[in-house]
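So the structure is just underneath, and the comments pick up after that.
Each chain gets a letter, A, B and so on, in the order its sequence line appears, and its residues count up from 1.
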There are 4 protein chains.
Amino acid sequence: MLLYIQFDSEVPIYQQIKNQIIRAIASGELKLGEDLPSVRQLAADIGINFHTVNKVYNQLKQEGWVVIHRKSGVMINPDLKAEKTKEYIEYLDEIIKNISAEAYLRGVSKEEFMNIVEKNYDSYNVIKGD
Amino acid sequence: MLLYIQFDSEVPIYQQIKNQIIRAIASGELKLGEDLPSVRQLAADIGINFHTVNKVYNQLKQEGWVVIHRKSGVMINPDLKAEKTKEYIEYLDEIIKNISAEAYLRGVSKEEFMNIVEKNYDSYNVIKGD
Amino acid sequence: MLLYIQFDSEVPIYQQIKNQIIRAIASGELKLGEDLPSVRQLAADIGINFHTVNKVYNQLKQEGWVVIHRKSGVMINPDLKAEKTKEYIEYLDEIIKNISAEAYLRGVSKEEFMNIVEKNYDSYNVIKGD
Amino acid sequence: MLLYIQFDSEVPIYQQIKNQIIRAIASGELKLGEDLPSVRQLAADIGINFHTVNKVYNQLKQEGWVVIHRKSGVMINPDLKAEKTKEYIEYLDEIIKNISAEAYLRGVSKEEFMNIVEKNYDSYNVIKGD
DNA sequence: GTGGTCTAGACCACC
DNA sequence: GTGGTCTAGACCACT
């Protein structure tokens, strides 16, 4: 798995890594139960401090995306079933409110906006034979 | 115009205010050319320091949402024409990629996801008779 | 004489008025010894507070551009000979340093830059028959 | 890089710093990609509050002159390409109008005026071998 | 009255 | 260590 980090981005590095791992799970690039690189390995690959990777893995674990075994390292949670909680739906609604307001004011038509959303959702929502 | 601030949120206060003002412009609650409260007035209303509001207004000005008059204060830019730049569309695509990945993995169905998006976009995209 | 004021400009109104009066003197639109409108007249014409006009006239007087008579009002100094002081040349040099740096970095060629400067200087530097 | 600040100037401190940084970029004293001092370091060097420097850096960032990394601090934008927009040319023309009017009236000859302008532009527009 | 500038000091997030 | 956020209070410029 390749990670593309923008070091000059406003988005913190640890957040960029989290985003890309979650996207890779959604797209099937990372299978459930698959091993992730070790903290030091990934840090070296990207060229960042290993504390940053550590933070990523710990947050992913807390949110249920991965499991961490003392010995075997980190793997994508084989029993992954992230929950569609009420809080998450509220958060989702709130963030969509913000995004769609600016998109609307910037002249992104409804059709164009829905197309972007659908295209991206569909990129994950495929029948995966693994 | 009423602002609801979550003081315990991870989202900075000034960002919450910015979001809500842009949403209010999109929904028509704030008309083009309409005056906003003075920095000190709004700060007092919310119960925060006026420098925080000042920061909001200055950022909104630099992004073209409002104009600041020396005496009369701040108003929604009467000639508002936010641009649908290539950079903005790339930013939009990127953020939708992240959001839809998590939504998909949390079991938000395509139908449900598209409904949330459509509902929120439509809340701005209405023919307003005033 | 017509004044064009941009009320939403970063440049203070009093400064805009000063600039335009000095430019009008340089272009010959305002002759030496010519009367300027009264404070209240000009304020009413522009639609601003008369204190602002008062400030303009007082500064113009201090800098020697106009003379103020109790009765006859304000007129362009008939004996105008603004001085090319050492301080003024230093100020001029400093401001040109700032302007040309940004122009250069923004890709304004030397030819283009010199043309803009020459065109504007020449617009004043004409043989005026009055 | 040395900064000379006039504390008794009408020009705000943060503006003086901005001007000098942009001039240093134009003159090549600051190379693209070069690091700037940290906000606190520069503030201490000049003897001002770090918030003032912070404001400078943030404005320079929003105008595209520098990039701010989360950890490594601030550097001159390595991909700097300030644009010669229509708005900038209008601004430039307007400010030159004001400056040349006063220079003309103060007896700065066309030759002298053009010399000052050319000298300063040329100080940036040199083939730099480094 | 309005916003703009500057100072001072606190605490936090990131790496 | 870096910058980011927020508070608090002062003084100034403009209208």
Rounded to whole Å, the CD1-P distance (C:I46 to F:dT15) equals 11 Å
Rounded to whole Å, CD1 of D:I5 lies from P of E:dC6 at a distance of 10 Å
Query raised in the report: More than 12 heavy atoms of other residues, nucleotides or ligands under 6.0 Å from CD of A:E10: is that the case?
Result: no
Subject >> CD (C:E87) with more than 12 external heavy atoms under 6.0 Å >> reply: yes
- With respect to the phosphate group of F:dT2, does any side-chain polar atom (N or O) of D:S38 fall under 4.0 Å of OP1 or OP2? yes
Taking pairs as Watson-Crick (N1-N3 plus N6-O4 or O6-N4) or G-U wobble (N1-O2 and O6-N3), each distance under 3.5 Å, the stems of three or more consecutive pairs with DNA chain E are E:1-14 with F:1-14
In whole angstroms, the gap separating C1' of E:dG4 from CD of B:Q62 amounts to 14 Å
Whole-Å distance, C:D8 CG to F:dT15 P, equals 13 Å
Here the distance between atom C1' of E:dT5 and atom CG of B:N54, to the nearest Å, is 10 Å
Contact string for nucleotides 9-15 of chain E, one letter per nucleotide 5' to 3', B = base within protein heavy-atom range under 4.0 Å, S = sugar-phosphate only, - = neither, reads BBB--SB
C:F7 atom CZ is separated from E:dT2 atom C1', nearest whole Å, by 16 Å
query = Have C:N98 and C:E94 got a donor and an acceptor in their side chains that come within less than 3.5 Å?
reply = no
Using a heavy-atom cut-off of under 4.0 Å over every strand shown, decide if D:N58 touches base, sugar-phosphate, or nothing.
-> sugar-phosphate
>> Counting only heavy atoms not in A:Y4 (residues, nucleotides, ligands), do more than 12 fall under 6.0 Å from its OH?
In response: no
Rounded to whole Å, CG of D:L36 lies from C1' of F:dT2 at a distance of 14 Å
Heavy-atom neighbours of B:E63 CD exceed 12 at 6.0 Å = yes
Scanning both residues in full, the closest heavy-atom pair of B:L32 with B:P78 reads CD1-O, 3.8 Å
Checklist entry - Below 4.0 angstrom, N of the basic side chain to O of the carboxylate: do A:E102 and A:K97 qualify? => result no
For this session: Compute whether any side-chain donor of one residue and acceptor of the other, for B:N58 and B:Q62, lie under 3.5 angstrom apart.
Result: no
(request) Flag yes if more than 12 heavy atoms outside B:Y91 fall under 6.0 Å of its OH atom; otherwise flag no. (result) no
By nearest-heavy-atom nucleotide on DNA chain E, the more 5' of B:G73 and D:G47 is B:G73
